[in-house]
Amino acid sequence: MSLVDRASSFVVGPAVPNVPWQERPAGSSAPMWRDPRNPIIPRDLFPEANSIFNSAAVPFRGKFAGVFRCDSTTRLQQLHAGFSDDGVNWRLNPQRITWENAPSTDPSVTKFQYAYDPRVVWIEDRYYVTWCNGYHGPTIGVGYTYDFETFHQLENALLPYNRNGVLFPRKINGAYVMLSRPSDNGHTPFGDIFISQSPDMVHWGRHRWVMGRGASGWEGTKIGAGPIPIETKEGWLIIYHGVLTSCNGFVYSFGAALLDLYEPWKVIARAKPYLIAPREPYELAGDVPNVCFPCAAIVDSATNRLAVYYGCADTTTGLCYGYVDELVHWVKTNAHLPRG
Ligand code: BMA
């Protein structure tokens, strides 16, 4: 990875020339489009896997690595490390990640109950992992790794109940910053996105409300942050999921918004339409039908190419694509009018 000159590139971040990629289908004007090879990760990549979905991938040593949600054939929600040469074909460790306690982390906090919906981000000198961690109900687990072989667990960031903890890829105003979605202990029928700050990745505070459910029909019930926010010259591009309650249950889609670079609890623009909603057979049918759930984005700052990994029907993993500069333009031109 080489850093592209900040002055000349739209995206602030590394060049990733081997980012997974498929061109927009001929004749399409959609802001995002799916990989025709979807689902790129089947549910049963190893024998003990019931399903592999809602997972995170990052560039790693010129190739790719990630942390994957694998629900086992005993239906325990677990995290597994994985590796890939091209970001499309993956090898997953069949053994779940076991965490070593980082210094000063209380073992009663890190006792394993369940773990799901990971996100991974490179900050400063290591890869941080956040996930939905079982601790008297779901809350935000935090850990780090240098090599995707050994993993170190820190204190949970927030009190239960909370889900969708997503770190920004750098400190802002001297603090680590995390989006999250306070929730309940079940299939939460509500939820807004909040932001919290920390000086040390352990103590979190200065909580602020970022945005709420209900701006559009596809996100009428609840929303939650998705991939790591993407830094651009015009603000942080966030891709987030939204849930509609239909007469047949929840429908998970995803859309996008732009947050202020310096005060990311301020929303610059939020698109009305969704980007991707369940439409393909592998999104419509599975263990939980009608779910598109994004957890990771890989961006090549040299070309603005964006690859988003998303869980399909709580069963498999898919890829979809877009251009970051186009998406920022799309968010602004399809935005809700400012309130006031
Ligand atoms: C949410 C989370 C996700 C899941 C989604 C749809 O509450 O549990 O992991 O993909 O429900 O079942």
Side-chain angles (χ1 to χ4, degrees), residues 38-43 49-57 66-72 75-80 96-97 113-120 129-141 158 160-166 179-194 213 218-228 239-255 274-280 282-297 308-320:
N38 277 354
I40 54 143
I41 303 178
R43 66 183 306 162
N50 167 79
S51 42
I52 304 170
F53 58 110
N54 299 6
S55 297
V67 175
F68 293 80
R69 172 175 177 172
C70 304
D71 291 6
S72 70
R75 299 311 296 258
L76 183 59
Q77 299 147 328
Q78 306 183 106
L79 304 181
H80 292 240
R96 78 168 171 88
I97 292 171
Q113 294 180 12
Y114 56 80
Y116 62 84
D117 296 0
R119 273 73 164 186
V120 181
V129 185
T130 55
W131 68 96
C132 179
N133 190 33
Y135 179 76
H136 305 276
T139 188
I140 310 301
L158 298 165
Y161 308 120
N162 205 317
R163 294 184 174 90
N164 300 301
V166 177
L179 299 169
S180 74
R181 208 280 305 289
S183 59
D184 68 11
N185 199 10
H187 302 293
T188 313
F190 61 88
D192 293 352
I193 295 177
F194 288 76
R213 60 180 166 158
W218 63 268
E219 48 179 340
T221 299
K222 53 180 169 174
I223 56 175
I228 303 307
I239 293 172
Y240 66 98
H241 71 258
V243 180
L244 170 153
T245 303
S246 78
C247 59
N248 198 32
F250 286 163
V251 178
Y252 281 72
S253 310
F254 54 92
Y274 60 68
L275 283 168
I276 295 278
R279 202 169 269 208
E280 298 296 325
Y282 53 87
E283 299 162 349
L284 300 171
D287 283 0
V288 182
N290 305 318
V291 180
C292 294
F293 196 97
C295 286
V308 170
Y309 292 82
Y310 67 106
C312 306
D314 283 14
T315 304
T316 58
T317 303
L319 264 173
C320 62

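Keep in mind that this is a model prediction, so the values were computed, not measured. Remember, it's 1-based here, ligands and their atoms both numbered in the order they're listed.
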Notebook entry, point to check: Please state which protein non-hydrogen atom is closest to atom 12 (O) of ligand 1 and give its distance, to 0.1 Å?
Noted result: D314 OD2, 2.6 Å
Checklist line | Full working for side chain to side chain donor-acceptor pair (under 3.5 Å) between N54 and D117 | finding: CA-CA 5 Å; N54 299 6; D117 296 0; 3.1 Å; yes
Checklist line | Least distance between heavy atoms, W131 atom then Y116 atom | finding: CB-O, 3.5 Å
Check: If you measure from atom 5 (C) of ligand 1 to every heavy atom of Y252, Y116, F250, which option wins on shortest distance?
Finding: Y252
Margin query: Under 4.0 Å, heavy-atom basis, I'd like to know which part of R69 is in contact with ligand 1: side chain, backbone, both or neither.
Written below: side chain
Margin query: Give the atom numbers and elements of ligand 1 that come within less than 4.0 Å of a heavy atom of N54.
Written below: 3 (C), 4 (C), 9 (O), 10 (O)
Item checked: Proximal atoms of ligand 1 relative to D117 (non-hydrogen, under 4.0 Å) -> 2 (C), 3 (C), 9 (O)
Margin query: Other residues, nucleotides and ligands only: do more than 12 of their heavy atoms fall within 6.0 Å of CG on N185?
Written below: yes
Check: Can you tell me if R69 uses its side chain to pair, donor with acceptor, with the backbone of A115 under 3.5 Å?
Finding: no
Next item on the list: Evaluate the ring planes of W218 and Y274, with Trp represented by its six-membered ring, and classify them as parallel (under 30°), tilted (30 to 60°) or perpendicular (over 60°).
Entry: perpendicular
